[in-house]
Amino acid sequence: MSLAPPDTRAGDVLAVAGLIRDGLRGGTLGRMTVPMRQVVDEGHGVKFVSMPAVSLDHGLYIAKIATIGNGPGPTVTSVVPVFSTRTGNLLAVLDGAAVTNLKCAAVTAVVTDHCAARDSADLAIIGSGVQAWQQYLGVSAVREITRVRVHSRTPAHAEVLCARIRAAGRATAHVCASAAEATSGADVVATATTSTSPLPIATDLPAHVHINCMGAHTPQSRELTRELLAAGPLIVESIETAVAEAGEIHRTAIDLESLETGEHPGLDERPTVFSSTGHAALDLVTCAHLVAHPNH
């Protein structure tokens, strides 16, 4: 079976977010076998990536297989074969972008629900690609967002995103000329760019701001300044993965399991940053949902 959902649905975001939270509380995510992702770089402009995960609880083995290029056009091409751990049979071959998009929106919903102030209504998005839309879906799934400001290096793309948000009927949306204008005073900020240097985010962010950083995350290139990363609690999917891929500053971060099961009072009263590096365990949970609901 080959599944390629055309778009992420709000209902799927909440369903997968619920599966993630259940898995964190019940230990199914912690019991998964998730080797570190393998990257082969032949030095010719394209990288080859494999991200496997096995869950006996879900009865699934997956491996997101991808190529990462330098453009123009889409820079990531990926597929996710899904196998049964019980029979070894191939159950599905899923579109990698569909899996990634739904996973990113769902984990954004989980983290934002823990970290953002309850009355957050003002969202800033830096970037205007597919992941920018997933950030809107993820944040708006758990907060009553009524205003969205978007900045992109391509204003026409930003306007397309704003039109899509307005068409959803829940929030106003408009394009800003700069990242500082978009983020000034925002309750929640989402960065979803390919920038290899820190974005010029406003300096007047409120003390309760929550930031979802979904783009560049290597020690040499990141969307946020080191000062902003260190301004408050840092959230990651996995400390081991975050340290390996994004640097030692993530060593003292709060991982998803601790965020879900631990006591972290006051997270909505100080800056928090979700520094996402991705994790195959979340891809597997997303695949479990898509295989169980093939018509979504």
Side-chain angles (χ1 to χ4, degrees), residues 10 13-14 16-25 29 103-127 131-132 134-149 171 182-192 199 201-202 204-215 217 222-239 241-242 246 249-279 281-282 285:
V13 172
L14 287 173
V16 174
L19 288 176
I20 291 172
R21 300 187 79 158
D22 289 345
L24 292 168
R25 291 191 294 263
L29 267 74
K103 180 271 301 282
C104 287
V107 72
T108 290
V110 171
V111 175
T112 301
D113 199 29
H114 277 287
C115 296
R118 291 292 153 188
D119 59 353
S120 293
D122 191 343
L123 169 65
I125 302 175
I126 310 303
Q131 281 307 313
Q134 308 308 317
Q135 285 303 293
Y136 171 72
L137 287 178
V139 174
S140 64
V142 295
R143 291 294 183 272
E144 292 295 329
I145 298 300
T146 59
R147 180 192 187 201
V148 183
R149 289 173 284 167
T183 55
S184 177
D187 298 312
V188 181
V189 174
T191 61
L199 300 166
I201 290 173
D204 64 341
L205 296 173
H208 65 259
V209 68
H210 171 64
I211 303 174
N212 293 314
C213 180
M214 308 301 289
H217 57 257
R222 62 179 77 247
E223 294 179 302
L224 303 182
T225 63
R226 181 169 289 271
E227 291 73 22
L228 196 50
L229 284 172
L234 193 59
I235 317 300
V236 297
E237 292 101 337
S238 157
I239 293 176
T241 300
I249 194 171
H250 297 77
R251 179 73 66 182
T252 58
I254 301 170
D255 66 16
L256 286 183
E257 183 177 0
S258 296
L259 183 69
E260 181 66 31
T261 63
E263 294 293 329
H264 304 286
L267 284 181
D268 61 352
E269 299 172 1
R270 48 188 171 161
T272 51
V273 175
F274 175 35
S275 181
S276 177
T277 55
H279 199 266
L282 304 181
V285 170

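The figures here come from the full heavy-atom set of this structure, side chains too, leaving out hydrogens, waters and symmetry mates.
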- Excluding sequence neighbours, so at least two apart, what forms side chain to side chain contact (heavy atoms under 4.5 Å, CB included) with A182? I126, R149, H151, C176
- What pairs with R25 under side chain to side chain donor-acceptor pair (under 3.5 Å), at least two apart in sequence or on another chain? D22, E260
- A117: partners by side chain to side chain contact (heavy atoms under 4.5 Å, CB included), with sequence neighbours left out: D119, S120, H208, D268
- Item | Residues that T272 engages under side chain to side chain donor-acceptor pair (under 3.5 Å), provided they are two or more places apart | H210
- dist L229:CG -> C213:SG (nearest 0.5 Å) comes out at 6.5 Å
- For V13 and A141, which heavy atoms make the closest approach, and how far apart are they? CG1-CB, 4.2 Å
- Task: Tell me, please, which residues at least two apart from S258 pass side chain to side chain contact (heavy atoms under 4.5 Å, CB included).
- Result: I254, D255, H264
- Task: State, to 0.1 Å, how close A186 and V209 come at their nearest heavy-atom pair, and which atoms those are.
- Result: O-CG2, 3.5 Å
- Item | Contacts of type side chain to side chain donor-acceptor pair (under 3.5 Å), residue T112, not counting sequence neighbours | N212
- Query: Are any non-hydrogen side-chain atoms of I235 and C115 less than 4.5 angstrom apart?
  - Reply: yes
- Task: Write down the atom of P271, the atom of P233, and the distance for their closest heavy-atom approach.
- Result: O-CD, 3.2 Å
- Task: Nearest 0.5 Å please: distance from the CD atom of E257 over to the OG atom of S238.
- Result: 10.5 Å
- Item | From CG (L123) to OG (S140), nearest 0.5 Å | 8.0 Å
- Can you tell me how far CD of Q131 sits from CD1 of I125, rounded to the nearest 0.5 angstrom? 11.0 Å
- Message: By the salt bridge (Lys or Arg N to Asp or Glu O under 4.0 Å) test, which pairs, at least two apart or in different chains, include something from residues 230-239?
- Response: none
- Item | D187: salt bridge (charged side-chain N to carboxylate O under 4.0 Å, His left out) partners, not counting sequence neighbours | none
- Would you call V111 and L259 a side-chain contact if the rule is heavy atoms closer than 4.5 Å? yes
- Task: Quick one: list whatever passes side chain to side chain donor-acceptor pair (under 3.5 Å) with T183, sequence neighbours left out.
- Result: none
- State, yes or no, whether a side-chain contact exists between L29 and L256 at a heavy-atom distance under 4.5 Å. no
- Look up atom CG in L199 and atom OG1 in T191, then write down how far apart they are to the nearest 0.5 Å. 6.0 Å
- Query: How would you list, by chain and number, every residue that makes a ring-ring contact (aromatic ring centres under 6.0 Å, His included) with Y136, sequence neighbours excluded?
  - Reply: W133
- Message: Among V110, T108, D113, V188, which residue satisfies the side-chain contact (heavy atoms from CB on, under 4.5 Å) criterion with V142?
- Response: D113
- Item | Spatial distance of atom NE2 (H114) from atom CZ (F274) [nearest 0.5 Å] | 11.5 Å
- Task: Check for a donor-acceptor pair, side chain of R21 on one end and backbone N or O of V16 on the other, with a separation under 3.5 Å.
- Result: no
- Task: Please report the shortest heavy-atom distance between Q135 and C104, naming the atom on each side.
- Result: NE2-O, 4.3 Å
